[in-house]
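Here's the structure, in structure tokens; my notes come after.
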Amino acid sequence: VSGTGKSTIGRELFKRNARLKLSVSHTTRDARSGEVDGRHYHFVSRAEFEDMVGADGFAEWAEYVGNCYGTAKSTIETAGRAGHDLLFDIEIQGAAELKAQYPDAVTVFLLPPSWDEVSRRLTLRGTDDAETISQRLERGRVEVEAARSFDYLVVNDDLDEAIEAVEDIYRAARNRASENLDKLDALA
Ligand code: 5GP
């Protein structure tokens with residue numbers, strides 16, 4: 001849900017966990033002030049985006065309030081080769097698609113404490129006009145319907161607590177036996 005602090009939480013986790021990297025998505029939306037091409041998103045035109053869809057270049061993609069967003073297959077492959085863990089900051093359709101392709105992926109749904117708070121945060125951010133904010137709110141209300149199919153639900157009421165909760169989830173996932181079988185071999 002837009003305005004729940006997904007990117008704020010991600011930023012903090014990247015500082016604390018060197019192996020964790022953002023999956024930098026491709027999008028057709030305009031860059032907000034402060035957003036850097038290649039770091040926050042790969043900003044592309046609709047034609048470029050469509051070419052990538054045609055070339056089967058996306059692991060998943062979705063439309064969100066008038067723009068397209070997608071995770072390039074190459075982004076996932078490059079991270080895998082580098083031994084990085086990836087954090088995907090994506091909406092629910094994309095999350096479901098990735099989970100279907102990568103069943104080991106851990107999904108976390110960030111819930112806002114209230115809709116008033118989402119509205120307040122989106123307004124404070126000052127990057128969207130009133131119409132876009134109301135569309136994002138409407139989309140958010142639809143998105144929470146899907147929350148029960150996620151592995152974890154975290155309410156971002158207190159930011160520090162939400163950061164800790166997501167970090168706990170990441171740490172636990174990293175310590176799953178299936179992720180560490182090479183250590184068994186190393187001991188033998
Ligand atoms: P924003 O415009 O606020 O950056 O992003 C709008 C929504 O698109 C957010 O919910 C964000 O998580 C989602 N999003 C960003 N990148 C991707 C992506 O690669 N795939 C999908 N499915 N959603 C994305």
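Both counts, for ligands and for their atoms, begin at 1 and track the order of listing.
Remark: Asp104 engages Arg176, Glu179 in a side-chain contact (heavy atoms from CB on, under 4.5 Å) (not counting sequence neighbours). Scanning for side-chain contact (heavy atoms from CB on, under 4.5 Å) contacts around Ala165 gives Val154, with sequence neighbours left out.
Of all the heavy atoms in Asn156 and Thr4, the pair that sits closest is ND2-O, 2.7 Å.
Between Glu12 and Arg16 a salt bridge is recorded (basic side-chain N to carboxylate O distance below 4.0 Å).
Ser2 pairs in a side chain to side chain contact (heavy atoms under 4.5 Å, CB included) with only one of the listed residues (Arg125, Gln135, Glu91), which is Arg125.
Judged as a salt bridge (Lys or Arg N to Asp or Glu O under 4.0 Å), the pairs with a partner in residues 141-160 (not counting sequence neighbours) are, in order, Lys99-Asp151.
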Tabulating one pair per line, provide the atom names and distances (0.1 Å) for every N/O atom of ligand 1 that is less than 3.5 Å from a protein N/O atom.
from: ligand 1; atom 1: 2 (O); to: Arg29; atom 2: NE; distance (Å): 2.6
from: ligand 1; atom 1: 2 (O); to: Tyr69; atom 2: OH; distance (Å): 2.5
from: ligand 1; atom 1: 2 (O); to: Arg136; atom 2: NH2; distance (Å): 2.7
from: ligand 1; atom 1: 3 (O); to: Arg32; atom 2: NH2; distance (Å): 3.0
from: ligand 1; atom 1: 3 (O); to: Arg136; atom 2: NH1; distance (Å): 2.7
from: ligand 1; atom 1: 3 (O); to: Arg136; atom 2: NH2; distance (Å): 3.4
from: ligand 1; atom 1: 4 (O); to: Arg29; atom 2: NH2; distance (Å): 2.8
from: ligand 1; atom 1: 4 (O); to: Tyr41; atom 2: OH; distance (Å): 2.6
from: ligand 1; atom 1: 5 (O); to: Tyr41; atom 2: OH; distance (Å): 3.3
from: ligand 1; atom 1: 10 (O); to: Lys6; atom 2: NZ; distance (Å): 3.4
from: ligand 1; atom 1: 12 (O); to: Asp89; atom 2: O; distance (Å): 3.0
from: ligand 1; atom 1: 12 (O); to: Asp89; atom 2: OD1; distance (Å): 2.8
from: ligand 1; atom 1: 12 (O); to: Ile90; atom 2: N; distance (Å): 3.4
from: ligand 1; atom 1: 16 (N); to: Ser25; atom 2: OG; distance (Å): 3.1
from: ligand 1; atom 1: 19 (O); to: Ser25; atom 2: OG; distance (Å): 2.6
from: ligand 1; atom 1: 19 (O); to: Glu60; atom 2: OE2; distance (Å): 3.3
from: ligand 1; atom 1: 19 (O); to: Gly70; atom 2: N; distance (Å): 3.3
from: ligand 1; atom 1: 19 (O); to: Gly70; atom 2: O; distance (Å): 3.2
from: ligand 1; atom 1: 19 (O); to: Thr71; atom 2: N; distance (Å): 3.4
from: ligand 1; atom 1: 19 (O); to: Thr71; atom 2: OG1; distance (Å): 3.4
from: ligand 1; atom 1: 20 (N); to: Glu60; atom 2: OE1; distance (Å): 3.3
from: ligand 1; atom 1: 20 (N); to: Glu60; atom 2: OE2; distance (Å): 2.7
from: ligand 1; atom 1: 22 (N); to: Glu60; atom 2: OE1; distance (Å): 2.8
from: ligand 1; atom 1: 22 (N); to: Glu91; atom 2: OE2; distance (Å): 2.6
from: ligand 1; atom 1: 23 (N); to: Glu91; atom 2: N; distance (Å): 3.1

